[in-house]
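Atoms within a ligand are numbered from 1 in the order they appear, just like the ligands themselves.
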Amino acid sequence: MIFDSLWTNLQIESMDGSKKIKNDSIGVKNGKLSWIGKKNDLSKLKLKSSNKIVDGKNKLVTPGLIDCHTHLLFSGNRANEFEMRQKGATYEEISKKGGGIMSTVRATRNATEEELYKLGKHRLEQFLSEGVTTVEIKSGYGLDFESEIKLLKVATRLQKDLSIRIQRTFLGAHVCPQKSEYKSKDEYIDFLCNTLLPEVKKQKLADAVDGFCEKIAFNTAQIEKLFKKAKELGFPVKLHAEQLSNQNGVSIAAKFNAISVDHLEHISEDSIKKMKKSRTTAVLLPGAYYFLKEKQKPPVDLFRKHKVPIAIATDFNPGTSPINSLLTICNMAQVLFGLTTQESLRAVTKNAALALGKDKEIGTLEAGKNADFVIWDVESISEISYGINLNPKKTIVINGRVVYDTLGI
Ligand code: NIG
Ligand code: FE
């Protein structure tokens with residue numbers, strides 16, 4: 001076999017559990033990582049090297065980072081609500097008065113597809129510059145037929161046009177729109193199940209279905225109805241659960257083998273045991289915890305005890321986590337939630353891939369997976385996340401192609 005490119009002289013953090021070995025090499029063929037090992041072993045394996053050989057100068061390489069939970073497509077901002085919260089109002093109070101998610105819904109409904117596309121592209125470029133090679137994008141700021149389809153179409157266009165990988169999640173069940181639009185939350189859930197979700201499926205506009213289980217959003221019976229329909233249509237499901245209170249959303253999610261449950265500050269140990277059985281990944285979102293000045297931390301020790309994989313993500317959105325930096329989130333997960341450096345890197349690679357149901361394709365550096373990796377200008381992995389906005393120089397490869405390079409390798 002001859003590779004399309006051979007990357008040598010690297011310190012590899014494969015995140016697959018194996019120890020890093022000095023002077024390692026990566027062979028890339030057809031956009032896939034086709035071989036990983038010592039360059040000296042190439043002749044033994046009767047592998048020819050390739051036309052293109054890159055000297056990694058003994059730099060550190062990791063899998064491309066994955067942001068597995070964002071609400072990246074929205075218009076406007078909520079700086080005014082930040083001011084209100086600084087004066088003592090709570091997130092729930094603002095939401096009950098028609099602010100919160102609904103205020104972003106109004107701005108997003110008024111934005112054109114083109115405006116949202118440009119906003120999305122710019123934000124994705126910012127993510128890429130930190131070594132993020134896959135981003136999940138949720139809908140959920142449209143909340144009517146036309147606007148939800150508009151958001152998912154924009155996400156699909158971005159997926160086709162940009163080299164960064166995009167996973168699209170349908171979050172029609174973010175909150176219930178105004179009473180003038182639907183008489184009740186039940187009626188809105190029926191509209192999602194009978195009309196909107198089948199259309200999303202028909203037009204192939206989403207890869208998964210999400211919901212928000214909370215007093216200000218939907219109860220477990222409503223989420224159960226949605227998930228039943230989603231599964232019938234063949235969608236994997238995930239859930240925003242136990243963020244502000246314990247609604248037992250995780251039990252419903254586990255019943256439907258959700259790929260992830262996200263937030264989880266108020267989760268019980270019983271629910272964690274259910275997650276273990278249903279192989280559901282815990283996605284922790286320290287940005288929202290920080291920005292809402294929450295007091296209760298997610299029970300990291302219990303996830304460790306029950307061996308539930310922990311992922312972390314930005315939750316990038318204008319209301320509770322206006323933070324478009326996954327490296328800052330890694331830092332927060334370490335400082336605020338006590339994750340180790342290894343845990344936080346695993347949380348944005350291997351475990352984030354699990355949270356997206358994409359662990360066969362991305363998340364670790366193993367033969368057969370997509371050739372998505374980052375060569376960092378650092379000596380050790382702790383340098384990647386120890387600072388805020390230090391953003392080390394790097395070379396980013398997606399599908400075997402260099403898509404970003406400030407390292408000049
Ligand atoms: O993940 N929890 C629900 N959704 C977002 C908040 C979105 C907003 O306030 O606009 C979250 O934190
Ligand atoms: Fe969220």
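The closest protein non-hydrogen atom to atom 11 (C) of ligand 1 is Asp315 OD2, 3.2 Å. Ranking protein heavy atoms by distance to atom 12 (O) of ligand 1, first place goes to Thr320 OG1, 2.7 Å. Closest to atom 2 (N) of ligand 1 among all protein heavy atoms lies Gln243 OE1, 3.1 Å. Looking at atom 4 (N) of ligand 1, its nearest protein heavy atom turns out to be His174 NE2, 2.8 Å. Protein heavy atom closest to atom 7 (C) of ligand 1, with residue, atom name and distance, is Tyr141 OH, 3.2 Å. The protein heavy atom nearest to atom 9 (O) of ligand 1 is Tyr91 OH, 2.5 Å.
The environment of Lys360 atom NZ is sparse: at most 12 non-hydrogen atoms of other residues, nucleotides or ligands sit within 6.0 angstrom.
Among heteroatoms of the N, O or S kind in Asp315, OD1 lies nearest the Fe ion (ligand 2).
In the vicinity of His263, heavy-atom distances shorter than 4.0 Å reach the ligand 1 atoms 1 (O), 2 (N), 11 (C), 12 (O). In the vicinity of Ile101, heavy-atom distances shorter than 4.0 Å reach the ligand 1 atoms 7 (C), 8 (C), 9 (O), 10 (O).
Considering both main-chain and side-chain atoms, Thr104 never comes within under 3.5 Å of ligand 1 through any nitrogen or oxygen pair.
Exactly one residue among Asp315, Thr320, Asp210 makes a side chain to side chain donor-acceptor pair (under 3.5 Å) with His71. That residue is Asp315.
Under a 3.5 Å cut-off, the side chain of Lys394 and the backbone N or O of Ser129 do form a donor-acceptor pair. At least one donor-acceptor pair under 3.5 Å links the side chain of Glu115 to the backbone N or O of Thr112. Side-chain N or O atoms of Glu13 include none that pairs as donor or acceptor with a backbone N or O of Thr62 at under 3.5 Å.
For the pair Arg123 and Phe316, the NZ or CZ position fails the cation-pi test of under 6.0 Å to the six-membered ring centre and within 45 degrees of the ring normal.
Seen from the Fe ion (ligand 2), atom NE2 on His240 and atom NE2 on His69 lie at an angle near 90° (rounded to 10 degrees).
If you look at Arg78 next to ligand 1, the close heavy atoms, those under 4.0 Å, all belong to the side chain.
At a cut-off of 3.5 Å, with distance as the only test, a side-chain donor of Asp67 or Thr314 sits close to an acceptor on the other residue.
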side-chain hydrogen bond (donor to acceptor under 3.5 Å, both in side chains) assessment of Ser385 paired with Asn331: CA-CA 5 Å; Ser385 59; Asn331 181 280; over 6 Å; no

